[in-house]
Amino acid sequence: MGAGALPRNDEIAATAVSSHPLILGLQPAALVDHVAPVDWSLLDHIPGDRGGSMPVAIEELDHILEEVKAHKLASPDELSSMKTMAGGSVANTIRGLSAGFGVSCGIIGACGDDEQGKLFVSNMSFSRVNLSRLRMKQGHTAQCICMVDELANRTMRPCLSSAVKIQADELTKEDFKGSKWLVLRYAKFNLDVIQAAIRIAKQEGLLVSLDLASFEMVRNFRSSLQQLLESGDIDLCFANEDEAMELLRGEQTSGPEAAVEFLAKHCKWAVVTLGANGCIARHGKEIVRVPAIGEAKATDATGAGDLFAGGFLYGLIKGLSLEACCKAGACSGGSVIRALGGEVTPENWQWMYKQMQIKGLPLPDNRN
């Protein structure tokens, strides 16, 4: 293990994980989510677009946390109305693949030597994620407040500015050796690390999956994203409807069909998720539309796209058809919206297995 790597404490050592995980997630900065149901009116006092994700400074984060505590809604089925857990799009996908689908996964990144860092390590190792590529550094771990309104929409305010993160020159071939997939989330401020990871991953024969992150990220840094897609190094791309709309801004045609066609020019697999309307996906000349799971009662949309990606990747690993991959994604995405936060509860994994069975999908070997 390289200098500055996270020590294999008893908790991690006790976790039987593959030394060469099938799927690796790159999340340069470990992140802890504070998820709370809030009154709609609170969002009028928070700067930035409602429903979006806008970075804030630590002082603003502390201020919003205080506001949230004053305006949070009592959640009838939760002991506590705020949940704190390991977060971030990539961590959600990786944790879901490991805990719910039994796929061997690892994460590349860095966490601080603070309470949030310890919480991130504990949460991810509990889900059997390989953390040998997670470096522990002196400093703060990134945090994000996820405010969930009565309609299950979430507004996120991440605090990343002072957080520790892995640098491009810290990545090694050893980190990627023996794995099959690299999972990424687009972020302009992590572009050097993302590009370095893609370069090494391609040298080691890995396939690369990219999530478009947020409509603000696509809107503000579209040209860098375009270059990344045009490189031909992205094998699989996920976008939600808002991100797809931003991607096609200024184009003659818009809408999910046009977006999936646009992405498919550059990627082997292109997927646009449509929330309650399911998804549309393309692989080569094949295009499929799959509805969402109607039985999924939405409590919080946090992590829906991340878990959808996990289910879709599970389908690809199993060699399933494009339609079946989308169905697995829909089952997985549907499981996380039934409770607060981006982590699926044991009861909701069981719900997902039942939905998969109904749809004739192969069930994971690890289910209880």
Side-chain angles (χ1 to χ4, degrees), residues 1-9 12-13 15-31 88-91 93-95 97-98 103-112 117 120-121 124-125 127-139 142 163-211 213 224-225 227-238 266-269 309-310 313-314 316-317:
M1 191 176 301
L6 193 71
R8 289 191 68 85
N9 58 30
I12 301 170
T15 308
V17 287
S18 164
S19 58
H20 296 298
L22 200 62
I23 297 186
L24 285 175
L26 174 75
Q27 187 167 306
L31 178 71
S89 176
V90 171
T93 299
I94 291 298
R95 177 177 53 204
L97 273 163
S98 180
V103 175
S104 67
C105 293
I107 198 157
I108 303 172
C111 67
F120 186 89
V121 167
M124 295 300 281
S125 59
S127 294
R128 302 170 68 83
V129 174
N130 182 314
L131 299 180
S132 63
R133 295 157 185 79
L134 184 71
R135 280 75 165 171
M136 183 176 272
K137 300 184 176 187
Q138 283 187 320
V164 302
K165 68 176 192 177
I166 198 167
Q167 303 300 324
D169 60 7
E170 294 176 80
L171 301 174
T172 68
K173 279 190 171 188
E174 226 20 73
D175 290 331
F176 299 84
K177 203 174 284 296
S179 295
K180 300 292 180 204
W181 277 95
L182 173 65
V183 173
L184 304 165
R185 182 177 196 253
Y186 179 62
K188 172 68 175 170
F189 43 85
N190 287 329
L191 202 53
D192 56 339
V193 190
I194 289 170
Q195 287 168 333
I198 291 172
R199 191 171 60 251
I200 302 172
K202 286 294 162 186
Q203 287 169 0
E204 292 298 316
L206 276 73
L207 293 162
V208 175
S209 167
L210 179 73
D211 181 277
S224 300
L225 173 60
Q227 286 172 5
L228 199 56
L229 291 170
E230 287 172 358
S231 70
D233 289 333
I234 308 301
D235 299 284
L236 164 62
C237 189
F238 293 101
H266 308 297
C267 312
K268 288 190 187 79
W269 296 273
L313 279 160
Y314 165 78
L316 286 182
I317 288 164

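Because only heavy atoms are used, hydrogens play no part in the values below, and waters and symmetry mates are left out as well, while side chains stay in. The chain is numbered in sequence order, starting from 1.
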Atom [atom1] in [X], atom [atom2] in [Y]: separation rounded to 0.5 Å?
X      : Y      : atom1 : atom2 : value
Cys111 : Lys165 : SG    : NZ    : 15.5 Å
Leu22  : Trp181 : CG    : CH2   : 10.5 Å
Ser104 : Lys180 : OG    : NZ    : 10.5 Å
Leu24  : Asn130 : CG    : CG    : 8.0 Å
Leu182 : Glu204 : CG    : CD    : 12.0 Å

Salt bridge Asp233-Lys202, side-chain N to carboxylate O under 4.0 Å: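 Judged by the 4.0 Å cut-off on N to carboxylate O distance, Asp233 and Lys202 do not form a salt bridge.
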Check against side-chain contact (heavy atoms from CB on, under 4.5 Å), Thr93 and Asp211: CA-CA 11 Å; Thr93 299; Asp211 181 277; over 6 Å; no
Backbone N/O of Arg95 and side chain of Ser98: donor-acceptor pair under 3.5 Å: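 Judged by distance alone, no pair lies under 3.5 Å.
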Donor-acceptor pair, side chain of Tyr314 and main chain of Val103, under 3.5 angstrom: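 No.
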Distance-minimising heavy-atom pair for [X] and [Y]:
X      : Y      : result
Leu131 : Val121 : CD1-O, 3.6 Å
Leu229 : Cys267 : CD2-SG, 4.0 Å
Ser179 : His20  : OG-C, 4.3 Å
Phe176 : Leu206 : O-CD1, 3.5 Å
Gly25  : Ile94  : N-CD1, 3.6 Å
Gly106 : Pro21  : N-CB, 3.4 Å

Gln138, CD atom: more than 12 neighbouring heavy atoms under 6.0 Å: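 Result for CD/Gln138: open.
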Partner of Leu26 under side chain to side chain contact (heavy atoms under 4.5 Å, CB included), chosen from Ile107, Val193, Val90: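 For Leu26, the side chain to side chain contact (heavy atoms under 4.5 Å, CB included) test succeeds with only one of Ile107, Val193, Val90, which is Val193.
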Salt bridge (charged side-chain N to carboxylate O under 4.0 Å, His left out) between Lys137 and Glu170, intermediate numbers included: CA-CA 12 Å; Lys137 300 184 176 187; Glu170 294 176 80; 2.7 Å; yes
Derivation and outcome, side-chain contact (heavy atoms from CB on, under 4.5 Å), residues Trp269 and Cys237: CA-CA 6 Å; Trp269 296 273; Cys237 189; over 6 Å; no
Residue pair Arg133, Ile166: steps toward the side-chain contact (heavy atoms from CB on, under 4.5 Å) verdict: CA-CA 10 Å; Arg133 295 157 185 79; Ile166 198 167; over 6 Å; no
side-chain contact (heavy atoms from CB on, under 4.5 Å) evaluation trace for Leu313 with Leu236: CA-CA 9 Å; Leu313 279 160; Leu236 164 62; 3.8 Å; yes
